[in-house]
Every structure is written in structure tokens, then in C-alpha cells.
Peer 1: 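Take a look at the following structure, please.
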Amino acid sequence: MYHLRSLIRQVRAEVLVLPSRVIALVFVIGLLLFPLLTQDPYLLRMLILASLFSIYAASWDLLAGYAGQISLGHALFFGVGAYTTALLGLHLGLHPYLTVPLGAVVATLAGLFVGVPCLRLRRHYLALATLAFPLMLTGIVFMFPNFSGGEGGIWRIGRLASTRVGEYYLIVGVMLVAVFSLWRIAGSRVGLIFHAIREDEVAARALGINIVRYKLLAFAISGFTAGVAGALYAHFARIAGPSNLDLFMSFQPVIWTIFGGAATIYGPVTGVFVLYPLLDSLHVLLPQYRMLLFALLILFILRFMPQGVTTWIRDAIETSCPSCRVRNAATRRACRACGTPLRN
Amino acid sequence: MRSLFACLVLTVALGIGTCGQVIRIGVVGPMAYIQGEHHWYGAILAAEEINAAGGIDVDGTKYTIELVRIDSNEMQPGPEAVGAVERAITALKVDFLVGGFRTEAMLAMTEVAADYKKIFLIAGAADDALLKGRVDKNYDRYKYLFRVTPVRSTYLAQVSFILLREVVETFRRELGIEQPKIAIVAEQAAWANMIVTLVALQAGAPVDKGGFGGQHVGTWRPSALATSVAAELSAVERAGAHIVFTVFSGPVGVVFGRDWGRLQIPVATVGINVEAQAQGWLEATGGFGAYTATVGIYAEGVAVTEKTIPFVNGFRTKFGEIPLYTAGTYDAIHILADAIRRAGSLETDAVIQALEVTDYVATLGRVAFDELHDPIWGPEHLTGLGVQWQEGAPRAFWPREWRPDPTAQPDLVIGYPGTVPYQIPPWVVDHWRGTGK
């Protein structure tokens, strides 16, 4: 009873005071209750894939949005996670509950492998260097077709759960934990250091921050999270193939993040949950105009909401206190933290 | 205004009232490629014919066919294929599925069909493993899968062996080369693996032991989406090959035909090249694809059954092309319609039972399914054709005087009217004539 009361108090104090957090809470509750409303396999599939891609997009946001390490080869981590779990299952017959974490660990190592040679590179040089890594892995996959499945990829990968609802709760659960963890990391001291590195690397070093360690940490965390997404995806789609490593796969998290709002963690999640179902529905409704409409929507957002949809909505429903910078609901007259008047 | 609204409501209501019952068939294929286009074209022709004839009579109720185009983008297999099929079943509510192309993708797509208990008539993928080890080992799960075309890889290999033997014999007869050197160029795809292994084994084996009495000089495996095979062809030439055995289903077939003719590589090509079954083959290869020989289903003026020529002509009139084997969706839909009529029900198990006892004369031969739900291959059933591009058209050179079983049935000779002898390309003749090696 005490814990319940404490939880309610915390929700009241931390969540219900800000409209954006209320929206996030409603979203989480909605996701968890969704199978109780309908178990339509098509809708569940759409939400499962959106959850998987949310993990993937959020991992890119931590690396590029927070730490400023713009990666255009993020599919490497996704693909490494997918291939590792598939190969371990295929050749050693291991259970997905073992191969998925191993896939994430190998993707973390891949993150470090990419991070080390890229330490001295910045901006577009870094972006171009990271672009090369998934292409290299694709080449390796093609070199050993008998082991890696070559162009055809690896099929017959085991399922995560016997039912669609089981898969849904497993993947949505992992997504919520992963995104919440990334959000906590982004808001912690580590996240602050990532910010500092992104804004001014020289100044951060002058403050005594070990730039090398934190850059590698960003690559490792991002690689791990993208690896989890890739490994789960392989089990859900039951394939790990070269398309997991292709250019479009690398660009997708960039699109989702820019659409939703970079350096927010919840922005890419929003981006995925809006854009993925939209694109998938257009497959059914207007297949021939799908990509055109998608491109027009992205252009519209870039033109009118350059900071991303979530940032635009948040700025519309919340204000920042001019004195203590704490965010408040736009309807408030005084800051909830320091009492400074918010409106004249 | 009110009367206009009433008219609209009436029209819509009448429209709904008269539209009748519909069977939705999902046509699965790589729609951005010619293979997928022909899946779709074949299905359109079948649906139009059936609907024009009043639809399918199911226990007194008439059903018309509505096709749903499903782009599985299988040429480079990825999760999109699985997603496309699942979307078709769950969102577009298809009742049956036909088509499919790449084995790798089909293995996963047919799993989805089995999950949702949807009948999937395969028209495009050959690998044995699509049905063998599934329908026989786990009938309850995989009973929904049937293959209409092509025949399974083992039989496809058998047909391509017969064609290779024809070419080897022609080299012996016309150029005096007793032990022709055979190279293999096959795309990287699961369905090709077994064929490649068998040809490599048989190439050097003596004729009296069922081999070709030649010599295997190497195997090359380019990508199914390769944009040049000049390196592979140069290696084939350096290896001194007389004949190159091809195994292509993807666009690399066009690239191979173009590079082979352009570089005048002194080897004769025979085997499987799906792109060479297309009307636009010569145009696609820049005119360099003449004399390419491939296993095929349809050829100029060859009547495999009484339905073949009307279908080929109808296809050509409507779409301006000769059908590829993937246009076997035409036969697949007719076979499905026939089974539904016989079952007198749309209930899945009843249709499966009806399909299992199918004996249907299709455009590609007489279709009956074996215990694996594979079409029976051989005389009086499906044989396929050996097709070579001669004088600007695909002409059948096999079966001409084929004796399937000379010992047990010496009098059984199979040959379709309209077949012509195989021709070695002239530059190959010029290169090897008189060398005797």
C-alpha cells in the first residue's frame, strides 16, 4: 500500500505536471492495453515492427543526436545483431533467448570496432567513414555464402514466442525498457558529457573529460541497443539478409529521428510510430504513390517543423521558465519549481 | 439535391447488391521485374477468362475472381517478402495465394501461408525443399502448399541434363570434339545449388554410366543481380570450355547473354536462363543473345497441349510478349478454380482434397500432383521444352525425338510438333572447327 501511494505521488509530481509526459504515459498504457482491444495480426505486426525500429532509431539518436557522432552506417549494428543471432541459431542451434543478448554483445563490439578508427573524424568525414562499414560487412557476407547464406540470407530462424500476442508483449516490453534506459542515460551526467562533446569537443577536453572514453561509450551503447533491435527483428521477420545492411536501413533512423526531433530519444520513437504505420498503410491504400507521399511529408516537416514534430508539439503545449529553465504546462501562470511568473 | 442524393444511394446500393460473391487471389511476385510482371499478366488472363465465363460455380453460387497484386520484391530476398504476404492475408484479406519466385523468400512466405492456413499455389520457385521435407513430414502444417510450375529442381536438373546432352552430342557429331569441356556459370541462389553439384559430378563421368563423357573445367557463381559477367566469361574462355552450362533465374541472365555475344566467347550456352524465355530477350541483350539455349515452357509455334498456342497468342496480343514460366499463374488459377468447382466449397480442407486429385490439361502440360504436392514430371505430364533463340525467335529443339525409357518402352518417342534441331553458334563453330579438341 505504501509503495502504491508512493508511486501515485511520484506520477502526480513527475508525470501529470507536464502534458508531454502525460502523452507519453497514455502512449505506454495504450501500447500495453492494445491487444486487449484487438488482436488483429496485421495491426499487431505493425506495432511490433514500429517498436523494433523505435529501439533502432533511439540508438541512433543517442549516438548522433546526443554525442554528435553522425553515423550513416548504423545498419552495421542492426545487421550484426541480426546475423549473429541467426548464425548462432543456425550453426549451433542455440535458443533465441541466448542468441539475442549475444547478438547485442557482438554489436557492441562492432560499435567499438567502428568507434576506434573513427575517433579522430568529425562531421561529414565521420559520416562517410561509418557508411563504409555495412558495405564491408555485406562484402564479407557475400564472400562466404555457404556460411552466411550469401545474397539469399538466412531463413528458418526460430520465433521468439509461439503466438503473435506473446511476440508483441516481449518486443514492446524490450522497447519500453530500452527507450527508458536510453532516456535515463541521456538525462544523466553521461548524457551531459555527450552534449558537451557534441557542442565543443575541444572545450570538453579542456574541462578534463576523457573524450576517447565517452565517444567509445556512445558507440558501444548505441551498438548494443541497435544490436538488440536487429536480433529481435531477425527472429520476428525470420530472416537475416543483406537487406539488413543496406543503405536504406542506415538512412531510416536518420529520417525517423529528424522527423520526430533529434536529441530527445522520444522524438525518434514518435517518428517511427507515425511514419512506419503510415508507410505500411500506404502499401495497402496507395501502393504506387507510397514513396512520393512519404517524401512530401518529410519535406513538409523539414520546412515547417525543422526541430521535429515532438519538439514542435512540446513547445506548443509547454513553456520553459525564464528563470530556472524548468518546463511547465503552457496553461500555468507561474513556474512549478521557482514560482516565477510565466505570462504577463 | 435531395433526389440526386437518393439516386446516388440507390446506385451504390444496387452496385453492392449486384457485385456478387468474390474470391480474392493474391498474386505474389517481384513486380518490379519481368518475372513478377508475368506472374501478374498470367493471373489477369486467367481471372478475365473465368469471370467472362460467369465466374466459379460453388454449390450454386457464382463467385468472380478479384486479383490482389503483392509485390514481394524477392529478387533480393528480405523481410519485405514476408511482410507483403502477411499484409495480403491480414489486411487485404486474400483467400488464396499464387506465384512466388525465389526459393529463399518462398521458404519464409510459405511459412506465413501455413501459419494462416491459406492455400498457396507456387508458380515460380523450383527448389525441392519447398515441399519435400515439409508436406511429407508435417502434412497438417504444410498441406496448403502446392507447386504448379516449374517442376521441382531435381526434374529441372533432369531436363537441363537432357539439353546439355543434346549439345554435347552436337559437338561430337558436328565438330568431332569427343570430350567437350564443360564450364558452369550459375547465380548465387539456393535452388541452383543442387543442379550445379549434379552437373559438376556428371560432366566428366563416362556416357555409359549416365555421364556426359566430357570434362568439368570450373564453376563460377555470380550474383543474380550482377551487372557484368565479363570476368567470369574470360575465365571460362581461359579454361578452354566448349560449352557453358548456365543456371540463371534473375536479371544476371540478360547480362550473361549480352556479354557472351558481345565478347564472342567461343562457347555454346545451354541450361536454365529464365530471362531468355522472354520476348524481349534479343532487345534486352542488345541483339547479342542469339543462339542462347534454355529450359523453357513456351516456344514459337509449339503446342504442348491444345491450350498452349491459344494462351501464348492471347498473352502476346494483350501484353506484347511471350509468357515466361512465371505466367504459370494462369494455369495455377485455372487449376484452383477447377478444384473449387469440384469441391463445391471454399472451405480450405475441401479445396485441398480436390487439388490433390487434380488431373488438369493446362497450357504447360497435363498437371497432376504427387504425394509432395509437386506436379508430376515426365511423358504425358509436364516435360518442359528446350528452347533456343534462332532467327530472331525462341524455337523449341527438345523434345524432338525423345525416348524417355529406351529399354522398357522402346516405342515411346516424345516430340512436339514445331521443334527444330539445336544449332551451335557460328562463331563457336568457326573457333573450334577442325581442332578436334
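First the proteins, then the strands, lettered A, B, ... as listed; each starts at 1. Here the structure is a predicted model, which is why all the values come from computation and not from measurement.
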Peer 1: For A:Y56 and A:W256, take the angle between the two ring planes, folded into 0 to 90°, and tell me which bin it lands in: parallel under 30, tilted 30 to 60, perpendicular over 60.
Peer 2: perpendicular

Peer 1: Considering only NZ, NE, NH1 and NH2 on the basic side and carboxylate oxygens on the acidic side, decide whether B:R152 and B:D374 come within less than 4.0 Å.
Peer 2: yes

Peer 1: Distance from B:R69 atom CZ to B:E37 atom CD, nearest 0.5 Å?
Peer 2: 7.0 Å

Peer 1: Which distance, rounded to the nearest 0.5 Å, do you find between the CZ of B:F96 and the CD1 of B:I65?
Peer 2: 9.5 Å

Peer 1: Less than 6.0 Å separating the ring centroids of B:H38 and B:Y325?
Peer 2: no

Peer 1: Name the orientation class of the two ring planes belonging to B:F256 and B:F248 (parallel below 30°, tilted from 30 to 60°, perpendicular beyond 60°).
Peer 2: tilted

Peer 1: Got B:S72 and B:M109 here, is their nearest side-chain heavy-atom distance under 4.5 Å?
Peer 2: yes

Peer 1: Using non-hydrogen atoms only, which part of B:N193 is less than 4.5 Å away from chain A: side chain, backbone, both, or neither?
Peer 2: neither

Peer 1: Which of residues 33-41 of chain A get closer than 4.5 angstrom to chain B, counting heavy atoms alone?
Peer 2: A:D40, A:P41

Peer 1: Return yes when atom CZ of A:F251 has more than 12 non-hydrogen atoms of other residues, nucleotides or ligands closer than 6.0 Å, and no otherwise.
Peer 2: yes

Peer 1: Restricting to side-chain hydrogen bond (donor to acceptor under 3.5 Å, both in side chains), what partner residues turn up for A:Q252, sequence neighbours left out?
Peer 2: none

Peer 1: My understanding is that only residues two or more places apart in sequence, or in another chain, count here; which of them pass side-chain hydrogen bond (donor to acceptor under 3.5 Å, both in side chains) with B:D128?
Peer 2: B:T154

Peer 1: Which residues, numbered in order, of residues 224-238 of chain A come under 4.5 angstrom of chain B by heavy-atom distance?
Peer 2: A:Y233, A:A237, A:R238

Peer 1: Most heavy-atom pairs under 4.5 angstrom with chain A, which of B:A224, B:A84, B:G83?
Peer 2: B:G83

